[in-house]
Amino acid sequence: MQQLTAINDLVVRFANVNGTGSASANNMFAMSIFRMGIPVTAKNIFPSNIQGLPTWYEVRVSEKGYLGRREGVDLLVCVNPQSMKQDIASVKSGGYFIYDNTKNLHKDFIREDINYIGIPMIGICMRLYQDARQRQLFKNMIYVGALAALLDIELEVVKGIIADEFKKKPKLIEPNVQAMMEGVKYVQENYESPLGLRVERRDLVGDSIVIDGNTACGLGAVYAGATVAGWYPITPSTSLVEAFAKYANRLRTDPETGLKKVAIVQAEDELAALGMVLGASWNGARAFTATSGPGVSLMNEFLGLAYFAEIPAVLVDVQRGGPSTGMPTRTQQSDLLLAAYASHGDTKHVLLIPSTPTECFNFMADAFDLAERLQTPVIVMTDLDLGMNDHLSAPLKWDDSRRYDRGKVYTAQDLDALSAMGKQFGRYLDVDGDGIPYRTLPATHPTKGSFFTRGTSHDEYARYTEDGVKNAEVLNRLLKKWDTAKDITPKPEFYQTANQSNIGVVFFGTTTYAALEALDLLKQEEDIVIDAMRATAFPFHESVEQFIEAHDQVFVIEQNRDAQFRTLLINELEINPKKLIKILNYDGMPITAEAIRRQIVGVLATV
Amino acid sequence: MQQLTAINDLVVRFANVNGTGSASANNMFAMSIFRMGIPVTAKNIFPSNIQGLPTWYEVRVSEKGYLGRREGVDLLVCVNPQSMKQDIASVKSGGYFIYDNTKNLHKDFIREDINYIGIPMIGICMRLYQDARQRQLFKNMIYVGALAALLDIELEVVKGIIADEFKKKPKLIEPNVQAMMEGVKYVQENYESPLGLRVERRDLVGDSIVIDGNTACGLGAVYAGATVAGWYPITPSTSLVEAFAKYANRLRTDPETGLKKVAIVQAEDELAALGMVLGASWNGARAFTATSGPGVSLMNEFLGLAYFAEIPAVLVDVQRGGPSTGMPTRTQQSDLLLAAYASHGDTKHVLLIPSTPTECFNFMADAFDLAERLQTPVIVMTDLDLGMNDHLSAPLKWDDSRRYDRGKVYTAQDLDALSAMGKQFGRYLDVDGDGIPYRTLPATHPTKGSFFTRGTSHDEYARYTEDGVKNAEVLNRLLKKWDTAKDITPKPEFYQTANQSNIGVVFFGTTTYAALEALDLLKQEEDIVIDAMRATAFPFHESVEQFIEAHDQVFVIEQNRDAQFRTLLINELEINPKKLIKILNYDGMPITAEAIRRQIVGVLATV
Amino acid sequence: MTYIKPKFRHPEMPKNRVGYAKSDYEGVISTLCAGCGHDSISGAIVQACYEMDIEPHRVAKLSGIGCSSKTPNYFLNNSHGFNSVHGRMPSVATGANMANRDLIYLGVSGDGDTASIGMGQFVHAIRRNLNMLYIVMNNGCYGLTKGQDSATADAGSVSKSGSVNPFEGIDLVGMALELGASFVARSFSGDKTQLVPLIKAALSHSGFALIDVLSPCVTFNNNPGSTKSYDYVRDHIEALAQIGYVPEKEEITVSYEEGSTVGVELHDGSVVHLQKLADGWDPRDRQAAMRRLQQAKAEGEILTGLVYVNPESKDLHEVIKSDLRPLNSLKEEDLCPGANTLEMLNEEFR
Amino acid sequence: MTYIKPKFRHPEMPKNRVGYAKSDYEGVISTLCAGCGHDSISGAIVQACYEMDIEPHRVAKLSGIGCSSKTPNYFLNNSHGFNSVHGRMPSVATGANMANRDLIYLGVSGDGDTASIGMGQFVHAIRRNLNMLYIVMNNGCYGLTKGQDSATADAGSVSKSGSVNPFEGIDLVGMALELGASFVARSFSGDKTQLVPLIKAALSHSGFALIDVLSPCVTFNNNPGSTKSYDYVRDHIEALAQIGYVPEKEEITVSYEEGSTVGVELHDGSVVHLQKLADGWDPRDRQAAMRRLQQAKAEGEILTGLVYVNPESKDLHEVIKSDLRPLNSLKEEDLCPGANTLEMLNEEFR
Ligand SMILES: Cc1ncc(C[n+]2csc(CCOP(=O)(O)OP(=O)(O)O)c2C)c(N)n1
Ligand SMILES: Cc1ncc(C[n+]2csc(CCOP(=O)(O)OP(=O)(O)O)c2C)c(N)n1
Ligand code: SF4
Ligand code: SF4
Ligand SMILES: [Mg+2]
Ligand SMILES: [Mg+2]
């Protein structure tokens with residue numbers, strides 16, 4: 001029988017039952033490979049429930065450093081009888097199926113073209129452990145050990161990871177190592193190992209870290225000086241605020257008093273969460289909230305207020321599968337249109353779109369600067385894949401000389417100086433011609449600078465007006481501010497110094513991993529050269545328009561049904577839609593390089 | 001001095017204080033002209049408060065039947081000293097300024113180029129009435145009488161209107177007529193009347209009626225068989241539900257039991273209002289709600305649920321000035337983008353856009369048919385101008401042979417027949433290939449057809465699934481349904497049998513009044529012929545695309561800042577944005593023909 | 001995962017008066033955590049509906065979002081269900097009820113769904129005395145999003161992550177009483193002998209019936225520090241009254257001793273018998289109920305049982321005077337005033 | 001319409017201890033209807049702040065949407081104000097307070113704004129014991145949208161349009177008590193002698209202070225049938241206790257007879273003196289307050305006065321243990337852990 005062989009280029013999938021502690025065992029497996037210096041990436045494909053349903057964990061090892069999902073499973077570790085049938089079907093021909101052979105496998109489960117490797121996980125556990133919970137947890141370590149032996153993972157590395165994992169409960173280190181070694185032993189005694197499919201130490205990860213986007217965003221908010229967070233739990237954004245809380249508590253608690261330089265409140269819902277952010281921002285603190293699609297839907301009214309009353313706000317939308325409650329544990333990029341134009345009336349919102357955890361960290365810091373500079377909501381658009389999965393990333397960096405940009409805020413001195421010059425403070429006056437007015441914070445001055453923030457129509461002095469022409473002037477100034485935003489939001493990234501093709505491709509966010517791989521595939525295997533641009537922000541920098549102008553045909557890759565990003569391009573840049581070709585994926589799984597390549601080749605073939 | 005002269009072609013503006021009962025007097029003035037067979041239209045320009053602030057009422061009389069707003073005031077009736085300065089400034093050179101000359105006018109208020117006509121309204125009232133409230137109310141009738149004499153309105157007609165107005169309080173008829181006659185008398189005794197600017201009986205209104213759009217929508221909902229309404233008060237939609245309640249109570253109350261064939265509940269907010277609609281629609285009743293921008297912002301989440309779970313719902317958005325609380329008593333068409341794509345994830349909603357009260361009535365009936373046929377929300381987009389102002393309209397018509405289209409609903413018999421054929425009911429099965437599945441209503445059958453309506457990802461049998469491919473199939477079917485919608489929503493209206501120009505214009509809603517007049521002006525005065533299309537629905541019928549295809553340049557006229565309708569056109573029809581030229585107005589006042597003409601001429605001149 | 005239950009039925013399975021076996025009241029297999037209190041409540045609902053001879057398709061079951069709100073999938077498979085959005089079940093139930101007053105409305109929600117995001121709708125459903133049974137599966141935490149404290153978590157209770165909840169918990173029974181709800185009860189998911197009769201009584205009640213059911217989350221809130229854990233609840237429960245539900249047709253008085261029973265006639269003519277505890281409990285006195293509740297709270301006890309009922313209350317339809325027929329059954333003839341009337345109406349606009 | 005008030009000031013206008021004249025506490029000219037109760041409340045706020053020697057810019061005034069919510073424009077022109085969206089003032093106030101614990105938060109809302117669309121946020125602001133004064137200008141109707149019944153309109157009251165409100169009104173004082181609010185009072189817009197001291201006491205209170213002020217809408221709700229009309233309220237008011245506010249520095253005990261006064265020391269050290277009515281009222285007993293309220297309700301009376309106060313309550317900041325300095329005053333040095341720490345953190349992700 002065929003046996004897949006490859007070094008440092010494989011996909012291992014774990015099929016578990018959720019709530020059994022498998023995710024942390026699987027994570028140790030992935031981290032072992034990382035510590036062997038080999039690029040690795042992991043996707044946790046979990047159900048929207050708490051215990052007892054199938055869950056998968058997919059690890060891709062790629063010598064070339066491709067970090068997107070790859071189709072096809074080379075080796076499947078089956079720890080869940082519920083999903084065994086579909087799991088077996090998912091293995092590539094010639095691939096490996098690791099299962100528990102404590103009991104015999106029913107003949108329905110036998111495929112002729114894959115390799116079965118039985119490990120009596122339950123058998124070993126029954127023999128070694130009494131307690132049910134122990135049996136459960138150590139079972140996970142047994143298959144980690146078995147895999148280490150099969151794939152040639154350095155045991156010292158695995159042991160090191162176990163030691164780190166249980167740093168705080170050192171008593172657990174030894175038993176876990178033992179369980180792991182049971183798996184190693186069983187493989188060594190019963191199978192020829194390692195397999196032809198295996199890993200080999202490299203030095204390819206440099207100083208990279210492995211981190212998920214939510215943690216990076218949370219840390220970014222700490223570094224950005226956020227002091228107020230209002231939030232409401234929702235998958236997949238919950239862990240973002242939890243990370244913020246964890247690091248803020250750790251890094252900002254006075255060791256003596258126990259008092260914290262942060263205020264985090266779990267709100268009663270998303271409306272209240274954003275309301276808290278607006279109240280805090282109005283009062284001069286850096287404040288943010290994080291949510292997912294349903295929360296953004298509920299935040300529309302407040303987003304409109306923030307836009308029109310010009311209140312800074314930072315919101316992270318960790319997108320999940322929509323519409324409605326949809327697929328809460330799957331990924332999509334399908335809130336773009338809503339976020340960009342949220343709320344009734346003429347509104348436009350600034351979006352930042354990171355594609356790696358490192359960028360999550362950086363964009364969070366930028367988001368606060370931009371929100372205060374522009375006095376408007378800034379929405380950081382990530383997604384479940386980026387937010388909840390571990391990614392190999394450049395280390396986080398902070399420049400200690402960086403200063404927060406607190407935007408245009410008049411101090412008491414400024415106000416006195418202003419009146420000394422005989423000028424009146426006007427909250428919505430376009431003093432500098434960039435569309436951004438000056439604001440004052442409550443309690444700045446005993447008698448000057450106070451005003452009534454309002455979502456009703458107002459003049460330049462924040463006074464209520466029903467004069468529609470005056471109100472239209474305010475609306476026009478907001479467009480000027482929008483233009484200003486184009487130059488100060490993050491710039492797009494180009495993957496060539498000069499354009500080399502009449503075909504271009506635009507992508508953003510987590511699609512980047514797969515897109516870059518697809519471009520390599522197209523070049524190497526189809527001899528198709530395509531110029532690439534990664535968008536990072538809305539509104540678009542002029543170089544986005546130039547890139548599209550410079551190509552006859554531009555593919556726009558995104559993970560939603562309605563090509564929402566393409567809509568933003570067409571609408572804001574006045575581009576002929578015929579020129580922009582949709583490459584889509586919206587099944588809730590991260591898009592793959594193969595899917596992109598297939599679609600692009602398909603389109604090019606029909607032209 | 002110049003004196004404007006014209007017959008049946010004038011604009012009269014009343015400057016009042018709100019809360020003084022002036023609106024009904026002003027309305028009697030407009031109705032008098034209507035009853036003289038002359039086309040007339042009125043706009044109530046009121047403040048967002050209850051009493052004591054300036055309010056205006058503008059009546060346009062147009063022999064040619066132009067019913068949009070016209071710039072420039074020919075005759076101003078000033079009953080509000082607060083706003084006198086700007087009121088005087090608003091009068092056209094050679095126009096007339098009617099004021100209360102009980103006291104002398106300060107010299108600051110004197111313009112050399114307009115004609116002052118003093119009527120001692122307060123003086124007469126002080127002389128005739130004791131009670132403060134009476135003085136207030138009769139003052140209004142005095143100026144109505146004065147105007148009648150000045151403009152040559154038939155007194156019998158005015159008297160008839162007074163009689164109708166006070167049908168239920170006949171004792172008030174005589175005193176009101178008397179007050180009115182005091183005004184007449186004063187003019188006849190002190191001025192040469194009528195003026196050169198005046199009206200003259202015609203037979204130009206046929207069987208038209210004068211009605212506002214909210215009343216027409218409310219009546220439409222009664223005729224459409226709506227039995228459930230959940231709502232929350234908000235200007236300018238409140239009077240829509242009030243009209244529905246009024247007519248439903250009047251036409252559907254059992255005279256014996258007093259029980260009503262309708263259930264109307266004032267909800268705690270707009271979220272709840274739409275929730276009630278969904279619950280009722282799910283249960284097989286025709287249900288609707290009405291709101292304005294802020295309410296739509298709050299309804300996002302439920303709109304997404306309705307789209308994805310495929311629940312009929314009718315929502316009327318009576319648009320007002322946005323964003324945020326904005327200009328609650330001014331008009332705009334600025335909720336289009338929000339309504340079209342409301343909620344997170346990939347969503348699209350059906351919009352119907354009436355432009356006259358008659359069409360409001362008809363489209364409400366259509367909305368319920370379409371919502372049930374398509375099993376999706378249908379949003380009727382009107383605006384403050386259409387909803388709250390009186391419009392000269394074709395009479396409302398109902399075809400007694402018309403049957404409600406209740407859509408695809410399986411009965412108990414159907415379910416039995418289905419299982420007799422060995423088929424299983426699948427809530428989301430595309431049985432007919434038009435993207436529209438069959439639904440069942442609660443309690444239909446003791447053992448068949450029940451299912452769990454949900455906003456979570458589901459398969460064709462309404463079962464929860466985390467299989468993203470299955471879910472994507474549902475999303476794709478929704479696009480098929482969207483295609484089906486294009487053919488059954490109201491068709492656009494064309495104003496030429498064959499295209500005559502390489503220039504086209506697209507407009508919709510209340511813009512129609514001004515647009516048609518502008519086209520006449522362009523043809524008559526500039527010799528510019530433009531083909532015209534009025535859009536009535538989203539998604540667009542194929543003829544919309546054909547119309548745009550057939551022209552080199554297409555003006556899109558709309559009342560918002562961001563050209564939102566144009567966005568819908570380019571996005572849904574893949575039209576090159578360069579071809580579509582924005583003609584906008586967003587000062588909260590209804591757009592005028594002059595403004596359109598100016599902008600079009602400006603664009604054509606620069607080409 | 002499979003949602004298809006084996007449909008095989010034992011021929012001799014006992015049937016109730018309307019011809020259904022108990023299994024006809026079940027739903028698909030639960031995907032909740034093994035041992036979750038919510039599953040016990042689903043079981044009690046099945047039991048109550050079966051015993052009450054309710055035709056399952058006459059029930060409309062509704063919910064919000066959460067572990068608790070998933071349960072309508074796990075009972076009454078022959079009923080239509082509506083899994084709405086988070087916190088908004090009450091408005092959907094209101095609309096459904098407005099459309100068809102003849103069905104039995106059973107709403108299920110969680111404490112997060114009700115006391116946090118859904119607080120406004122909860123309050124207003126009570127205020128309208130919507131004819132429905134509203135069950136809160138109250139575990140003091142957000143199960144589905146992994147155990148955050150909810151607004152009903154008591155101050156001082158410790159969550160799995162070890163954090164101490166600093167805020168006072170909202171007592172939904174107290175709120176419902178204050179708001180004038182017409183049927184207010186509390187029970188415990190583990191106590192079927194109390195819960196099943198309460199559900200039956202509530203289903204018979206015409207008007208808004210709240211049952212706040214303490215329902216421990218075994219995964220996130222079953223540690224000793226939590227006042228919504230099994231152990232805590234078992235130790236601190238104070239039963240208000242035992243309740244026996246008796247359908248009109250077949251009144252049993254045997255098991256209740258004279259003198260210790262208050263018979264409350266419910267709106268549909270059925271009678272709820274209450275076995276009172278020592279203090280001579282009369283559930284028809286709202287002020288006494290409020291006092292009793294406060295007293296228990298002061299003593300650190302959780303009062304369970306039927307705390308208050310007003311059998312005379314007017315439900316929404318009576319209040320707004322809507323037709324006795326379900327509005328969704330009315331046809332064009334009933335609803336559309338026709339062309340002639342319209343011609344008349346046109347005249348009023350001239 | 002003019003929003004600019006003449007800025008001319010009489011040189012001899014008396015100044016308070018912090019150097020402000022009463023006019024410094026005023027706002028722009030009101031655009032409410034002549035005679036609106038809300039304007040009287042604005043006046044009481046001006047009076048209270050002046051008398052308390054509050055520096056006006058230390059006050060943050062917030063509101064929702066409605067006639068009532070417009071009033072922050074009509075008082076305290078030297079304070080920053082935030083006119084948010086309908087029903088959402090509490091969350092905005094929460095965020096503002098989280099950002100700067102040192103200001104005085106004065107939230108103003110209507111009964112529609114609070115008891116309908118804003119119910120959820122109202123409840124949760126109470127639950128968090130947010131340090132603010134929350135004034136409901138309660139007229140039992142939606143003034144700004146032309147007089148629809150609100151959720152606090154009492155059952156049976158008749159609106160201007162002649163329709164009888166069929167639903168029970170929500171008693172915000174009762175709700176606040178049930179929810180454990182730490183300062184609960186009711187007053188009447190027309191009764192400045194009661195209202196001004198209550199506002200002063202509430203402003204001194206640390207934690208959530210509710211004053212539910214009956215404030216007749218002269219335009220839509222001042223007809224005899226309405227229980228929120230002037231006449232009705234005047235006839236049915238039952239004052240709970242008279243209250244004299246005494247700032248710490250200058251305690252007066254003269255005007256209160258021994259034995260009939262309970263002095264409650266507020267968190268900032270100031271003392272509220274309550275003149276009790278016959279029943280020996282102690283506002284520190286929450287259960288008694290609830291009973292007293294129910295009793296008045298049963299008698300058809302509207303209880304006014306300081307119903308309950310807990311001077312010991314912990315406000316949100318104490319509960320979440322946030323820094324004593326206003327968070328908005330912290331700088332990069334305080335907040336940003338710096339590059340070295342980040343390098344250390346990176347190591348944890350390898
Ligand atoms: C608008 C919105 N916000 C947040 C969520 C995420 N969410 C799902 S369930 C839930 C809380 C559930 O708690 P509870 O109602 O107590 O149910 P339990 O799981 O404890 O039974 C939340 C916050 C959501 N689905 N929708
Ligand atoms: C989301 C939203 N819905 C509806 C409205 C319309 N609206 C403005 S004020 C108001 C009610 C005001 O009532 P209340 O709070 O009692 O204030 P009052 O005018 O009586 O003082 C409503 C419904 C709105 N502004 N926003
Ligand atoms: S997480 Fe808690 S509430 Fe949810 S199913 Fe598990 S035990 Fe039940
Ligand atoms: S409508 Fe009523 S609440 Fe509003 S300003 Fe007038 S009197 Fe006051
Ligand atoms: Mg819960
Ligand atoms: Mg009110």
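So that the names make sense, note that chain A is the first sequence line, chain B the second, and so on, each numbered from 1.
- Comparing B:Thr347, B:Leu479, B:Leu305, B:Val296 by heavy-atom pairs within less than 4.5 Å of chain A, the highest count is held by B:Leu479.
- Annotation: maximal heavy-atom pairing with chain B below 4.5 Å, among A:Thr329, A:Leu573, A:Thr567, A:Leu303, occurs at A:Thr567.
- With a 4.5 angstrom heavy-atom cutoff, B:Arg566 touches chain A only via side-chain atoms.
- Listed options A:Ser48, A:Ala563, A:Gly295 were ranked by heavy-atom pairs under 4.5 angstrom with chain B; first place goes to A:Ser48.
- Of the possible polar contacts, one joining the A:Glu558 side chain to the A:Gln564 backbone as a donor-acceptor pair under 3.5 Å is found.
- Each of A:Tyr428, A:Tyr464, A:Phe452 was evaluated against A:His458; a single residue qualifies, A:Tyr428, per the ring-ring contact (aromatic ring centres under 6.0 Å, His included) test.
- Annotation: residues 316-326 of chain B contacts chain A through B:Gly322, B:Pro323, B:Ser324, B:Thr325, B:Gly326 [non-hydrogen atoms, separation under 4.5 Å].
- Applying the salt bridge (charged side-chain N to carboxylate O under 4.0 Å, His left out) definition to pairs two or more places apart or across chains, those involving residues 322-346 of chain A are A:Arg330-B:Glu466.
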One pair to check against side-chain hydrogen bond (donor to acceptor under 3.5 Å, both in side chains): A:Trp56 and A:Asp87. What are the steps and the verdict? CA-CA 10 Å; A:Trp56 293 273; A:Asp87 288 334; 2.8 Å; yes
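- Within the 3.5 Å criterion, the main-chain N or O of B:Lys43 finds no donor-acceptor partner in the side chain of B:Glu58.
- Using a 4.5 Å cut-off between heavy atoms, B:Leu337 contacts chain A through its side chain alone, with no backbone atom that close.
- Heavy-atom distances place the side chain of B:Asn471, and not its backbone, under 4.5 Å from chain A.
- Within the structure, every pair that satisfies the side-chain hydrogen bond (donor to acceptor under 3.5 Å, both in side chains) test and touches residues 292-307 of chain B, not counting sequence neighbours, is listed here: A:Ser343-B:Ser297, A:His344-B:Ser297, A:Arg561-B:Tyr307.
- Counting heavy-atom pairs under 4.5 Å between each of A:Val469, A:Leu475, A:Ile570, A:Leu298 and chain B puts A:Leu475 at the top.
- Between chain A and the residues B:Ala342, B:Ala306, B:Ala309, B:Gly345, the largest count of heavy-atom pairs under 4.5 Å involves B:Gly345.
- Most heavy-atom pairs under 4.5 Å with chain A: of the set B:Lys348, B:Gln332, B:Glu473, this distinction falls to B:Lys348.
- Taking chain A as the reference chain and counting heavy-atom pairs below 4.5 Å, the highest number among B:Gly304, B:Gly293, B:Ala339, B:Ala472 is found for B:Gly293.
- Heavy-atom proximity under 4.5 angstrom to chain B picks out A:Tyr586, A:Asp587 from residues 583-590 of chain A.
- Heavy atoms of B:Asn571 lying under 4.5 Å from chain A belong exclusively to its side chain.
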